[in-house]
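For reference, the structure discussed in these notes is given below.
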Amino acid sequence: MCGIAGLMTTDGSTPPRAVLERLQAALAHRGPDGTGYYRNGNVGLMQGRLAIIDLETGDQPLFEPEGAALIGNGEIYNYIELKAELTGVAFATKSDCEVPLHLYRRDGLDFTQRLRGMYALAIHDPVTGHLVLARDPFGIKPLYYVETRGCFAFASEPEALIRSGLASVELIRQTRNELLQLQFTTGRDTVYAGIKRVLPGETVVVVEGRVVERRRREALPAGAPVALKTEAALQELDRVLHDSVLLHQRSDVPYGMFLSGGIDSTSLLSLMAELNDRPVKAFTIGFPGAQAADERPAARAAAESVGAEHVEIEFREADFWHLLPEVAAALDDPVADYAVLPTWKLARVAREAGLKVILSGEGGDELFAGYGRYRSVMRPWWAGGKMLRGRGNFDGLGLLRGDLTGWRDGMVAADVRAAGEGRTRLQIAQATDCADWLPNDLLTKLDRCLMAFGIEGRTPFLDPVVAEFAFRLPDDLKIRDGLGKWLLRRWLQDRMPAADALARKKGFTVPVADWLRKRGATLGPLVARQPGIREICLPDAVERLYVTLDRKRHGFAAWSLLFYALWHRAHIQRRAPERDVFQTLSALD
């Protein structure tokens with residue numbers, strides 16, 4: 001994993017080295033192991049390297065015989081037959097990172113159709129004058145861009161574009177409304193005016209500093225579920241998961257995994273234990289003295305059953321108050337998901353243990369239908385069925401100065417796009433989540449938390465071969481007897497009885513509302529007078545909210561406002577975080 005950035009000028013001038021160096025400085029945490037620069041004509045590229053594979057020979061940019069240059073962030077896992085096929089085109093590969101270059105020369109803009117892996121990359125082709133950006137179909141690796149009068153610029157993080165002077169911090173109100181109501185934002189627009197996302201699976205062509213063409217590779221297969229009997233499905237699931245985990249363990253540096261005690265991460269643990277000669281290093285976090293379900297006992301039992309080297313970490317109330325300001329400052333593309341907090345501490349402990357690669361279970365819920373909302377979507381309205389994210393976090397709470405307009409527009413667009421021919425209601429809900437919730441919440445959270453500590457995150461469930469199989473499973477192999485992820489549970493139960501995979505499990509949660517309730521009287525006035533909050537909320541109503549946190553929705557609203565206040569302070573007001581939440585919010589006085 002790395003940080004990449006670059007620009008193409010509109011007037012043909014050579015990009016200043018100083019701008020590339022500012023981009024590099026802003027992305028240094030993503031690539032602490034080396035820096036590569038490239039300038040040719042009106043294009044300048046920069047890559048900061050986190051060395052994972054080919055430690056001695058993996059520096060970038062990479063070049064192919066006709067002069068095209070590539071910088072990339074991620075890992076490409078290719079079939080042996082594909083590499084053999086390309087070898088016949090007369091090149092000797094140092095690493096799989098070179099494969100996209102040669103596919104580009106052979107297949108043109110369709111080169112991503114043959115890529116298996118996670119990537120955000122840029123190719124400059126001096127022959128055609130094209131700058132080509134591409135992102136993997138699930139959006140595992142981030143990529144952002146801005147078009148100005150003088151140039152087209154891109155980077156792995158919006159903050160790099162801002163700090164280099166290529167973009168501003170003006171907020172888009174509708175996108176801000178999405179963030180508050182959904183906890184993430186959708187589609188191409190970020191919360192910053194002018195800063196856009198390269199969409200998951202998208203290939204963008206830039207000529208003379210302007211986008212001239214876009215193509216899209218879909219993450220999920222088209223069509224209805226395919227009929228499949230249970231035993232055949234279990235055999236194929238075993239095959240594709242083995243293959244994916246084996247590929248995602250490729251590394252020349254130490255690696256481990258995050259183990260929550262749930263179905264997804266325990267499934268990965270089971271396979272990693274089988275495929276490794278040494279004990280798997282597994283990290284689990286828990287919340288001592290809280291009412292939230294503690295998953296450490298389940299994780300401990302699973303780890304003991306396979307002889308894993310298990311590290312248990314505590315996330316305490318004091319961690320919440322001290323870590324939240326720096327976490328909000330790291331989330332330049334904001335995600336108001338309180339799971340960022342334990343992920344941040346897990347990442348820090350993993351790095352202190354000497355690891356540079358972590359496998360994680362993101363994507364299991366989306367592909368195998370684990371969320372309770374999927375069961376609700378499948379039911380007709382008269383039987384209690386509900387629209388996917390039909391209600392926002394602040395609806396009906398009396399906190400707002402006015403309506404947060406337009407916040408569902410992106411979700412509606414994703415839902416319409418997901419409704420392919422023959423797809424079931426469950427598949428449409430899954431595809432909608434894969435389009436926005438997954439890349440713009442879960443994967444952004446994982447990326448920023450891990451990259452803050454120089455760790456590469458890998459997600460074996462989000463492999464195109466696994467997705468092709470899982471998404472087209474019959475609905476009753478995904479949800480059965482009121483249980484989501486039924487086939488994955490059944491597979492894990494056979495492999496690891498200690499996991500008790502067919503039992504009902506509580507979802508992972510963080511006791512944020514309990515902590516807010518204890519300090520609500522002090523916290524409420526501080527949050528209410530923050531500039532970002534005053535703009536959208538009634539101060540008196542905000543103060544009342546923090547002393548009446550007696551319902552789940554109230555707790556989540558209070559968390560969302562606190563996160564947004566800290567995020568707004570760090571990224572819009574451009575003020576550094578103080579020692580803890582209270583000092584940070586008080587520093588505005």
Side-chain angles (χ1 to χ4, degrees), residues 1-4 27-36 47-63 70-80 82-84 86-87 91-102 115-121 136 140-141 156 241-259 268-269 271-283 308-309 311 346-360 362 446-447 449-463:
M1 187 181 291
C2 307
I4 64 172
L27 296 172
H29 57 286
R30 300 185 70 93
D33 297 330
T35 303
Q47 189 246 17
R49 186 183 181 209
L50 179 65
I52 302 296
I53 294 175
D54 299 318
L55 302 184
E56 301 298 326
T57 61
D59 294 338
Q60 296 183 23
L62 301 170
F63 299 89
L70 174 145
I71 55 172
N73 168 24
E75 307 291 351
I76 305 296
Y77 310 114
N78 285 289
Y79 298 99
I80 293 175
L82 173 57
K83 290 195 286 185
L86 284 172
T87 302
F91 81 94
T93 179
K94 291 188 297 183
S95 74
D96 283 345
C97 289
E98 287 184 316
V99 169
L101 267 178
H102 296 276
L115 296 181
R116 183 183 185 185
M118 52 181 187
Y119 54 86
L121 57 84
D136 67 77
I140 303 168
K141 300 304 166 204
S156 295
L241 286 182
H242 267 86
D243 181 46
S244 181
V245 172
L246 182 63
L247 286 175
H248 282 77
Q249 289 185 150
R250 287 177 48 190
S251 174
D252 295 331
V253 295
Y255 59 87
M257 56 116 31
F258 288 165
L259 178 63
L268 295 184
L269 171 68
L271 289 166
M272 291 177 71
E274 178 182 330
L275 294 168
N276 281 274
D277 295 330
R278 297 180 179 178
V280 177
K281 293 184 178 180
F283 297 82
E309 182 182 320
V311 179
L346 281 166
R348 186 174 69 187
V349 172
R351 194 67 184 94
E352 290 170 351
L355 303 189
K356 293 181 75 172
V357 175
I358 284 290
L359 274 66
S360 182
E362 270 75 12
L446 187 69
D447 176 84
C449 290
L450 290 179
M451 287 311 305
F453 298 97
I455 298 177
E456 175 171 285
R458 296 185 180 177
T459 52
F461 284 111
L462 297 178
D463 173 77

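Keep in mind the model is a prediction, meaning the values are calculated, not measured.
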**Asked** Would Glu456 and Met451 satisfy side chain to side chain contact (heavy atoms under 4.5 Å, CB included), going step by step from the backbone distance to the final call?
**Response** CA-CA 7 Å; Glu456 175 171 285; Met451 287 311 305; 5.7 Å; no
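To the nearest 0.5 Å, atom NZ of residue Lys141 and atom SG of residue Cys2 are 9.5 Å apart. Of the inter-residue distances, the one linking Met118 atom CE with Asp447 atom CG reads 10.0 Å to the nearest 0.5 angstrom. Atom NZ of Lys281 is separated from atom CG of Asn276 by 11.5 Å, given to the nearest 0.5 angstrom. Taken from SG in Cys449 to CG in Leu346, the straight-line distance is 9.5 Å, to the nearest 0.5 Å. Note that CZ of Arg30 and CG of Asp33 are 13.5 Å apart. Values are rounded to the nearest 0.5 Å. Taken to the nearest 0.5 Å, the CG atom of Leu62 stands 6.0 Å off from the CG atom of Leu70.
Considering every non-hydrogen atom in both Ala353 and Phe283, the closest pair reads CB-CZ, 4.0 Å. Scanning all heavy atoms of the two residues, the minimum distance from Val253 to Ala51 falls at CG1-O, 3.8 Å. Heavy-atom minimum distance, Ser156 versus Asn73: OG-ND2, 4.2 Å. For the pair Leu355 and Ile358, the tightest heavy-atom approach, listed with the atom from each and the gap, is CD1-CD1, 4.0 Å. Closest heavy-atom contact between Gly457 and Leu450: CA-CD1, 3.3 Å. The shortest heavy-atom contact between Ala308 and Leu269 is CB-CD1, 4.0 Å.
Among residues two or more places apart in sequence or in another chain, the side-chain contact (heavy atoms from CB on, under 4.5 Å) test is passed with Thr459 by Ile140, Glu362, Leu443, Leu446, Leu462. Residues forming a salt bridge (charged side-chain N to carboxylate O under 4.0 Å, His left out) with Asp136 (at least two apart in sequence, or on another chain): none. Qualifying side-chain contact (heavy atoms from CB on, under 4.5 Å) partners for Arg351, counting only residues two or more places apart in sequence or in other chains: Lys356, Phe453, Ile455. For Leu275, the side-chain contact (heavy atoms from CB on, under 4.5 Å) partners at least two apart in sequence or on another chain are His242, Val245, Leu246, Gln249. Not counting sequence neighbours, the partners of Glu274 by the salt bridge (charged side-chain N to carboxylate O under 4.0 Å, His left out) test are Arg495. Residues passing the side-chain contact (heavy atoms from CB on, under 4.5 Å) test with Ala273, sequence neighbours excluded: Val280, Val306.
Checked by atom type and distance alone, the side chain of Ser244 pairs as donor or acceptor with a backbone atom of Pro460 at under 3.5 Å. A distance-only check finds no donor-acceptor pair linking the side chain of Gln60 to the backbone of Gly36 [under 3.5 Å].
We find that Arg458 and Asp463 are not joined by a salt bridge, their nearest charged nitrogen and carboxylate oxygen being 4.0 Å or further apart.
Between His248 and Tyr77, the two ring planes are tilted [angle within 30° to 60°].
Contact annotation: the side chain of Phe461 approaches that of Leu241 to within less than 4.5 Å [non-hydrogen atoms, C-beta and beyond]. A heavy-atom distance below 4.5 Å is not found between the side chains of Thr35 and Arg49.
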